[in-house]
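Here the structure comes first, spelled out in structure tokens, and everything after it is commentary.
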Amino acid sequence: MVNAAPEFPWFVLWALVIGLVPGLLLAVAGWRGRRLDDHPVCRDCEFDLFGTPRDHPEKPVKCPECGTRREPRVGNRRRSYRLMSAGTVIAVASVGTVIVWGSGRYTASQLAAVKPVWLLKWEAVHAGDGGAAIALGELTDRVTQKSLPASTAEGLVDLALTRGPAGDPALVHVPRGNEWDKLAVTLMRSGLGTDDQRAALGRSFVETWTEVRPRVRVGEPVPVRLRQRALGGFVSLGQVGLQLEIHEPGAVFDVERHVLGISDRRGVAGIRGSGLSGGWLGTTLRPGYGLPRGLGLGEHTFELEQSFSLTDGSGGAVLAEWGQRETLRFTYVDAGGDPVRLVRDPTVGAEIEQNLSVRTGRVSEGLLLEHGRLRGMLDLARVPHDLAYRVEIDFAGRRWPGNNVTVNRVPHGHSVGLNFDDPPPTLSDGDTVDLVFTPDPDAARMTTDMTAILDHAFTIRGVRVEAAP
């Protein structure tokens, strides 16, 4: 929000000289009043001290009314309420005239361009959403234009930390939180703030946590999921998106550190407060790779170390860096433990079938064939039970495997990707395929939390294939 500053408002200056200043002087004169005599008067309670004997030769006389011992004021005074009223009327009239005149000539954004920083900071915190957004936009513009003294700009970092979403999570869910976000990112892009301050701002844009399957059969891989929820995707026209990167997360058993084999970077996506969440592809601790050999039955504890950086777009400058260490536990059970139960519920199964669709993003329903791979999205309007499926393509009487689909129970809609890296070689644009969904306990066991899944196989018939241009 860059607005041209208005020309100097000479009318405002004349209104101050002719109306506001004289009015205030009259009001002050009326408040002081006219002196009636030269009696000594107590400065605290205005008691007339005339005739009061001095009880100490080197100290002012003590007021018999309130006990104050201060140098008295000379003369009783009588306030002039006429002067006070006249001065107040003149001052208010001049200010009102300026407001009426200025509102017809300048927008709120233009007026913000001539406001002092202290007033903009006050409006950013105390004004309504509209006024706060304008004030924050003006502060952001001044940081971008480097028109603020260094100490003032550094002070805005503290303001963003204490008054923005980083310090007040309630702002995550209101529009002005986006304006605070813009200011915070602009401050980080300008290199302002200490490393700790930038890290605190960066952490306010994304929440990260780690999940581990609490019970695993002895000797089998231990599923671990590193997840993130985008609290602030920083969606704004003309702005470069932020990128959250994770660097070499590792599991530490005693003093031995094992680097986890997952992707090393992920983009922050979603709008602040939307509750959207995503996760890096889950990894597994396997014996000899991320997991010490010879661990027996019982509980085992390890530390998960992660370091993050928030960058200015993909491959851009680093805006903030921070680390995180979590203590995680899992229990090895015997070969008959940790089962995944199959739950039969025909009503829920019918509901799932009725409230799902397949899309490519380009057409309402179907799969996209591109570079020898088949892609799509499975949309569910509601997920009333945990689901774990093995997905296959049925085409010309044969089946080709795809990815596993695992979806946790959620009260709202959910989408999950469908990927077929080796689809039927003869598949072409306009063909139709059947998608076969088979309950898969093994897929559920590779999640961190599923212990019971819906036992309901089904097929989506006649799914259209569209070839990429």
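Computed from a prediction, not measured in an experiment: that's the story for all the values here.
Using bins of under 30°, 30° to 60° and over 60° for the plane-to-plane angle, the ring pair F458/H456 lands in the parallel bin. By the 30° and 60° cut-offs, the orientation of the rings of F330 relative to H300 is tilted.
Between L374 and L368, the closest side-chain pair of non-hydrogen atoms is not below 4.5 Å. The side-chain heavy atoms of D394 and T459, taken from C-beta on, include no pair separated by under 4.5 Å. Contact annotation: the side chain of L192 never approaches that of M188 to less than 4.5 Å [non-hydrogen atoms, C-beta and beyond]. Looking only at side-chain heavy atoms (C-beta outward), I460 and V358 come within less than 4.5 Å of each other. Side-chain contact between F437 and L435 is present, with heavy atoms from C-beta onward closer than 4.5 Å. Between R382 and N355 the shortest side-chain heavy-atom distance does not fall below 4.5 Å. Side-chain contact check for P165 versus D181: some heavy-atom pair is nearer than 4.5 Å. Counting only heavy atoms from C-beta outward, the side chains of D434 and E392 never approach each other to under 4.5 Å.
Atom CG of D334 sits in a crowded spot, with more than 12 heavy atoms from other residues, nucleotides or ligands closer than 6.0 Å.
Under the 3.5 Å distance criterion, with hydrogens and angles disregarded, a donor-acceptor pair is assigned to the side chains of W209 and E211. With 3.5 Å as the limit, one finds a donor-acceptor pair spanning the side chains of N419 and R375. Between the side chains of T210 and Q306, at least one donor N or O lies within less than 3.5 Å of an accepting N or O.
The main-chain N or O of L378 is never found under 3.5 Å from a side-chain atom of R359 such that the two would form a donor-acceptor pair.
With respect to the salt-bridge test (charged N to carboxylate O, under 4.0 angstrom), the residues E179 and R176 do not qualify. Salt-bridge formation is not detected for the pair R464/D431: no Lys NZ or Arg NE/NH1/NH2 atom is positioned less than 4.0 Å from an Asp or Glu carboxylate oxygen. A salt bridge does not link R198 to E321: none of the charged nitrogens lies less than 4.0 Å from a carboxylate oxygen.
For the side-chain contact (heavy atoms from CB on, under 4.5 Å) with D386, the qualifying choice from V340, L454, N408, T406 is N408, the only one to do so.
Between I393 atom CD1 and L418 atom CG the span is 9.0 Å, to the nearest 0.5 Å.
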Practice prompt. Might you work through the side chain to side chain contact (heavy atoms under 4.5 Å, CB included) test for R203 and L201, ending with a clear yes or no?
Written response: CA-CA 6 Å; R203 284 196 300 269; L201 287 173; over 6 Å; no
Discussion item. Set out, in order, the CA-CA distance, both residues' side-chain angles and the distance that settles salt bridge (charged side-chain N to carboxylate O under 4.0 Å, His left out) for E303 and R257, then state yes or no.
Written reply: CA-CA 9 Å; E303 300 288 323; R257 188 177 193 274; over 6 Å; no
